[in-house]
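Sequence positions, counted from 1, serve as the residue numbers for this chain. Counting starts at 1 for both ligands and their atoms, following the listed order. Scope of the values below: all heavy atoms of this structure, side chains included, with no hydrogens, waters or symmetry mates.
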Amino acid sequence: MTPPPMPVDTSILPDLKADLAAKPRELFINGEFVPAKSGETFDVIDPATGQVFAQAASGGAEDVDLAVQAARKCFDSGAWSAMPPAQRARIMMKLAELIEANASRIALTETLDNGMPLMMGYFGAVMAASETLRYNAGWCTKIGGETFTPSHPGEWHGFTQREPVGVVGGIVPWNFPFVMGVAKMAQALAAGCTIVLKPAEQTPLSTVILGELIAEAGFPEGTVNIVTGFGATAGAALVEHEQVDKISFTGSTVTGKQIVKACTGNLKRVTLELGGKSPVIIFDDANLAKAIPAAAMGIFGNAGQVCAAGSRLFVHEKVRDQVLEGVTAMAKGLKVGSGLDPASQMGPLVSDAQFARVTGYIESALSEGAKVHVGGEKASVEGSEGGYFIQPTVLTDTVAGMKAVEEEIFGPVLATMTFGDDDLETIAAAANNTQYGLNASVFTQDITRGLKMAKRIKSGMVNINGAGGGPDPAMPLGGFKQSGWGRENGRAGVEAFTEVKSVTVNLG
Ligand code: NAI
Ligand code: MG
């Protein structure tokens, strides 16, 4: 298959790199770029080489405070929240256009920073971000309430209205830095909130570009503020800030729990989009030509660094060998390499820490009796010796209770299990045997069976015969159990940035 033409203008790469090397990226507060008050910066590493290629301001409590004050002032003034909704929508649409006009710079930055293949940087970072902005811009004019007739004696009228929750702290991880930051921001902005965004310390750069475009799009000062920095400093300061009304967090379940505790100070609202250990269930009647690549790319895509990754494969014993063979062939055939190489289908892991974590899980699986069917080793990539590359990996002889079966690995490592002609309850029970409940995939040509499985699986998302390649801004995204609180995307996502007010009127 010939790949589609590369939509990214890679000729700008040398200038982009020179610019990144020349000066540290700054914080974006109240419409201006400023260094951290401490003057501190931190190194940004290209995971394909292990080399430092940029610096970013290391925001601390003082910087977070300034950013929150700017967001507070903007919110309280009504400059954004009271702007006519249609006008807010137009500014958001303008930002979507600016993102597309800067597509090459954003995609290349995302690839340098995170390691993802450039095509994914383009479609997964740039195009997904502009689409989510447009989708959410549409909500500005559609958020409303309900009317009621209260049962009190006399004549009454009751209604609800939705008001923006206020100042939002958005904390974003490193696996899809740009689109996740934009999605949180877009939903908050549609609701009329202002926001302080904190990208992950591993991948601060594309979000800084967002700051530039926000300045250009015509948002009132302070509507969106961006503080780069570490979780323990910038992140913690944002979460603890008394003037922040809501935290929207995406990241690990461990950090999510810390955030919940830290938010008790002013009982700020919290939504959490956390980890997963999502099952992929392939029945013996499945269309394997569809199921096999979906299962493979569901775990190897973005090197498995995807919250909704299908990391536990349950396959009917009748088709087990065929599925395993197909997934193995894909694992062997995937070109692992620098995201900048147009031939690469899987980039490096984001950091040395993530590399150690993923290889640690593979070792633990082996020590618990699992076998590596394919992969399992550092991938050697010519010209990228310092990169954090790992081979796409399939484990067999994996059983419930093993660390690699229970815990989120966040790498391209698939645990495989089989089932026989069991009833659906038994199959669903095995799939549900996890602390997580984010996503699930079911492959069967029997749609009734697919729908019955969808009813029985305890997760926020279920895909039948395919996932469509990524989240859709219209479809709620989030988890049951320890995969999170609340939903992003869709109506639910925007409403999560609002408070409901009941107004009761006596007409007597
Ligand atoms: P993390 O959850 O610690 O980091 C995510 C974000 O939270 C970053 O922006 C970080 O700076 C911030 N943060 C960290 N500690 C904080 C605190 N105390 N208060 C406020 N903000 C804080 O994830 P980490 O350590 O980078 O990755 C470890 C593992 O977490 C991964 O291997 C993966 O299993 C999981 N993870 C899951 C993600 C998902 O989308 N489900 C995304 C990222 C990580
Ligand atoms: Mg961390």
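Looking at ligand 1, you won't find any N or O of G229 less than 3.5 Å from one of its N or O atoms. Annotation: F230 places no N or O atom under 3.5 Å from an N or O atom of ligand 1; distance criterion only. Residue contacts with ligand 1: I259 is placed with no nitrogen or oxygen under 3.5 Å of a nitrogen or oxygen of the ligand (distance criterion only). Considering backbone and side-chain N/O atoms, Q354 comes within less than 3.5 Å of an N/O atom of ligand 1. At a 3.5 angstrom cut-off on N or O pairs, T255 counts as close to ligand 1.
Remark: aromatic rings of W80 and F75 are distant, center separation not under 6.0 Å. Aromatic rings of F480 and W485 (six-membered ring for Trp) have centroids beyond the 6.0 Å cut-off, not under it.
Remark: R357 does not engage E408 in a salt bridge, criterion side-chain N to carboxylate O under 4.0 Å.
The atoms of ligand 1 that sit less than 4.0 Å from any heavy atom of V239 are 20 (C). Heavy-atom proximity to V172, at under 4.0 Å, picks out these atoms of ligand 1: 6 (C), 8 (C), 9 (O). Numbered from 1 in the order shown, with element, the atoms of ligand 1 that lie under 4.0 Å from a heavy atom of G275 read 41 (N). Listed by atom number, the atoms of ligand 1 under 4.0 Å from N175 heavy atoms are 40 (O), 42 (C). Here is the list of ligand 1 atoms found below 4.0 Å of a heavy atom in A236: 19 (N), 20 (C). Within ligand 1, the atoms closer than 4.0 Å to a non-hydrogen atom of Q258 are 18 (N), numbered from 1 in the order shown. For ligand 1, the atoms sitting less than 4.0 Å from at least one non-hydrogen atom of C307 are 39 (C), 40 (O), 41 (N), numbered in the order shown with element in parentheses.
At least one side-chain heavy atom of L20 sits less than 4.5 Å from a side-chain heavy atom of F53.
Atom OG1 of T132 sits about 9.0 Å away from atom CG of D472, to the nearest 0.5 Å. Rounded to the nearest 0.5 Å, atoms CG (L16) and CD1 (I106) are 11.0 Å apart. Between atom CD of residue E488 and atom OG of residue S248 there is a gap of 4.5 Å, rounded to the nearest 0.5 Å.
Nearest to atom 29 (C) of ligand 1 by heavy-atom distance, out of E408, R357, E407, is R357.
With a 4.0 Å cut-off on non-hydrogen atoms, L274 touches ligand 1 through its backbone and not its side chain.
A cation-pi arrangement is not found for K481 relative to Y436, the charged atom failing to lie both closer than 6.0 Å to the ring centre and inside a 45° cone about the ring normal. Taking the ring axis of F355 as reference, the NZ or CZ atom of K378 stays within 45° of it and closer than 6.0 Å to the ring centre.
At a 4.0 Å cut-off, at least one heavy atom of Q202 sits close enough to ligand 1 to count as contact.
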